[in-house]
There are 2 protein chains.
Amino acid sequence: MTETGIGTSRSTPATLHDVAREAGVSLATASRSLNGSTRKVNDEYRKRVLDAAARLDYSPNLSAQAVARGTTTTVALLVADIADPYFSSIAAGVVAEADHERLIVTMAATERDPERELELVRTLRGQRPRVMILAGSRPTSDPTEGALGEELAAYERSGGRVVLISRNEFDFRTVIVENTAGAEALARELVGIGYRRFAVITGGEGLRTAADRVEGFRAGLAAAGGTLDDEHVVRAAFTRDGGYDGMRQLIESGLDGIELVFAANDVMAVGALSAVRDAGLTPGTDVAVAGFDDIPTVRDVTPALTTVRVPLEELGRRALRLALGDESASSEGAVRTEVVLRESTPGITR
Amino acid sequence: MTETGIGTSRSTPATLHDVAREAGVSLATASRSLNGSTRKVNDEYRKRVLDAAARLDYSPNLSAQAVARGTTTTVALLVADIADPYFSSIAAGVVAEADHERLIVTMAATERDPERELELVRTLRGQRPRVMILAGSRPTSDPTEGALGEELAAYERSGGRVVLISRNEFDFRTVIVENTAGAEALARELVGIGYRRFAVITGGEGLRTAADRVEGFRAGLAAAGGTLDDEHVVRAAFTRDGGYDGMRQLIESGLDGIELVFAANDVMAVGALSAVRDAGLTPGTDVAVAGFDDIPTVRDVTPALTTVRVPLEELGRRALRLALGDESASSEGAVRTEVVLRESTPGITR
DNA sequence: CTGTTAGCGCCTTCAA
DNA sequence: TTGAAGGCGCTAACAG
């Protein structure tokens, strides 16, 4: 009954030992035929081992391999919020590239809580991942800032590779996104099509990505001749609801002649569009809206959203390649962005 | 120079052995103070160990623990496409619940390729995850169907727990979604507000989820008095672009008196809305559209989409709880859905 | 309560 | 080429 090895109800996975015995060879030979880098096994033996493995439904224990080899095939990915299209697109890129390299991805969500992030990094470190990728910036002035840096540094000292995506807080390898330049280009184009009076909805205090985008936008306006009063810069959560609230605030303040509202990311911009509509106004016509990222959904909202395209999946891919020491990934410089004008900013004829 | 243990540039992580030596205690004591379940360590020793660990920046090697304990703290999650809001929402739920249970999630994407899925299950099995969660159904008639089932069965025999989300192909624990009932209720309500002539955009041949929804919709129409001709059921990819193409086909065929198009999921429905608009028609007015899932973005498209709400994050949470043997999760029955009428189906007065 | 000592499953010298 | 044996980092009896 236990003879066949198929469908038996053993409750513990077959071990390499079992396979070796079943094949009538030594543990070493079994190991070599199943994994060994340089093939140096008699074909006859090899076949016997492979057969035995199939018969016993053998699956190599990755943990054991990791312990023995002193290295894993794991990549750790930390994002703020998995359901956010910005992060899920990045994650898709990381996973795709990891799969390509036959690596396994473990994923965790910080939920934008710095302490949580630190805790997660600590836990994930235990996995001895080859690479650790962090996406989603945290407040610049944060008490746990130093601790995180220390933790990551320690991880690197012990052989790991840290890669940050679009956050320039630390001194680690980073996939840099042209946040400032992209926003500046957007501002110029918007002024170019007639807009003059702007407002901005940005993220919480000190969010680097948001700050860079706003700064770039400001610079662009300054150069091209648009105006952005300080009281027209509102802070809100870096989420869809944050964008909604921010826009509602602006509208409640009377809009004050504002022609276009720039939200620091698309998720917020989409929320802003809905706020405009819920206020009985027509987005695009009564007030124009622009975002940043070009997440998939923005071409399906109405009016389609003007934004700055960031190749999100590519960001994820690049992050992993960078961590793995891919020459090209590091030499490519900042990730290019591109202004995409759509119907949410139809332009103004003056 | 190496004395302090801080910031030294050793290239290999501190081991429990190092900590024990540094603290002047035995390996076992170190292990017990750092991890041991039942606290049975002299406070003095305990403190010394903790200090030493901190000084050496010790991080327990999870692989080694897994080997020694014979069990991991890993959960494996397989989805079709991480960037798809349906799956990323589910993933967010799984990750949240896993975090709650102090479990680590490894994630992979099948990209809707059955062979890939099989391959991934094989690889992931090597991790000896406590749980394996599969979301996203595959074609019902698939050559690798049997192999997948065998692989999963083998995994369960060796102590793992498989949970399927909304796919009733196999005989494993499953988080069942009221796909049929939900679609049926939707159909009834739509007929209730005046619609009579329907069309459907569904997924590829044999996709279970899609098939169930269409079937339910049909049943609802039959009961309430709506009509759905076979030539008005179009198949397309289960994606945004699929929905777009499907709707375009319908429009090109002249719409033929169709008043409302039901897309088998929201992502497709959103694409369909854009197709309507691109054809110069007004969704909601010229042709109504309804979807299924209630992904976050559908309340921000215009007109806001009528759909059947599925608590996606909850699906992920339930899946994990079910796998972990949570009583309540298994006794709760199918996950409830709820029809949500919005502006994309304003109703018809006859 | 603490330390000693086998393993856990696998890899990898080292001889044969 | 093959096999025997030690070791990877950690846990869990088992004595003391």
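Proteins get letters first, then strands, A, B, ... in listed order; numbering begins at 1 in each. Just so you know, these numbers use all the heavy atoms, side chains as well, and skip hydrogens, waters and symmetry mates.
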**Asked** Which of these, Arg48(A), Lys47(A), Arg55(A), sits in a side-chain hydrogen bond (donor to acceptor under 3.5 Å, both in side chains) with Asp51(A)?
**Response**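 In the set Arg48(A), Lys47(A), Arg55(A), the residue that makes a side-chain hydrogen bond (donor to acceptor under 3.5 Å, both in side chains) with Asp51(A) is Lys47(A).
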**Item:** CA sep, side-chain torsions, deciding dist, call: Asp43(A), Arg46(A), salt bridge (charged side-chain N to carboxylate O under 4.0 Å, His left out)
**Value:** CA-CA 5 Å; Asp43(A) 273 352; Arg46(A) 183 184 201 74; 5.1 Å; no
Please report, rounded to the nearest Å, how far the [atom2] atom of [N] is from the [atom1] atom of [X].
| X | N | atom1 | atom2 | result |
| --- | --- | --- | --- | --- |
| Asn35(B) | dG9(D) | CG | C1' | 11 Å |
| Asp43(B) | dC1(C) | CG | P | 10 Å |
| Arg69(B) | dG9(C) | CZ | P | 16 Å |
| Leu62(B) | dG9(D) | CG | C1' | 11 Å |
| Leu34(B) | dG9(D) | CG | C1' | 13 Å |
| Arg48(B) | dT2(C) | CZ | C1' | 12 Å |
| Tyr58(A) | dC10(C) | OH | P | 4 Å |
| Asn61(A) | dC8(D) | CG | P | 18 Å |

Given [options], identify the nucleotide with an atom nearest to the side chain of [X].
| X | options | result |
| --- | --- | --- |
| Asn42(B) | dC1(C), dT4(C), dG9(C) | dC1(C) |
| Arg32(B) | dT2(D), dA13(D), dC10(C) | dA13(D) |
| Ala28(B) | dA12(D), dT2(C), dG3(D) | dA12(D) |
| Ala68(A) | dC8(C), dC11(C), dC10(D) | dC11(C) |
| Ala64(A) | dC10(C), dT2(D), dC8(C) | dC10(C) |

Under 4.0 Å from OP1 or OP2 of [N]: is there any side-chain N or O of [X] that close?
| X | N | answer |
| --- | --- | --- |
| Ser31(B) | dT11(D) | yes |
| Gln65(B) | dC10(D) | no |
| Thr15(A) | dC10(C) | yes |
| Thr29(A) | dT1(D) | no |

**Message:** For Asp326(B), is there an ion pair with Arg318(B) - N to carboxylate O distance below 4.0 angstrom?
**Reply:**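 Answer for the salt bridge query: no.
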**Asked** Does a sphere of radius 6.0 Å around CG in Asp171(A) hold more than 12 heavy atoms from other residues, nucleotides or ligands, not counting ones at 6.0 Å or beyond?
**Response**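 No, the 6.0 Å shell around CG holds no more than 12 heavy atoms from other groups.
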**Message:** Return whichever of Arg128(B) or Gly24(B) has its heavy-atom-nearest nucleotide of DNA chain C closer to the 5' end.
**Reply:**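 Its nearest nucleotide lies further toward 5', so the answer is Gly24(B).
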**Request:** Quick one: pull up CG in Leu34(B) and OH in Tyr58(B) and give me the separation to the nearest 0.5 Å.
**Result:**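 Output value for this atom pair is 5.5 Å.
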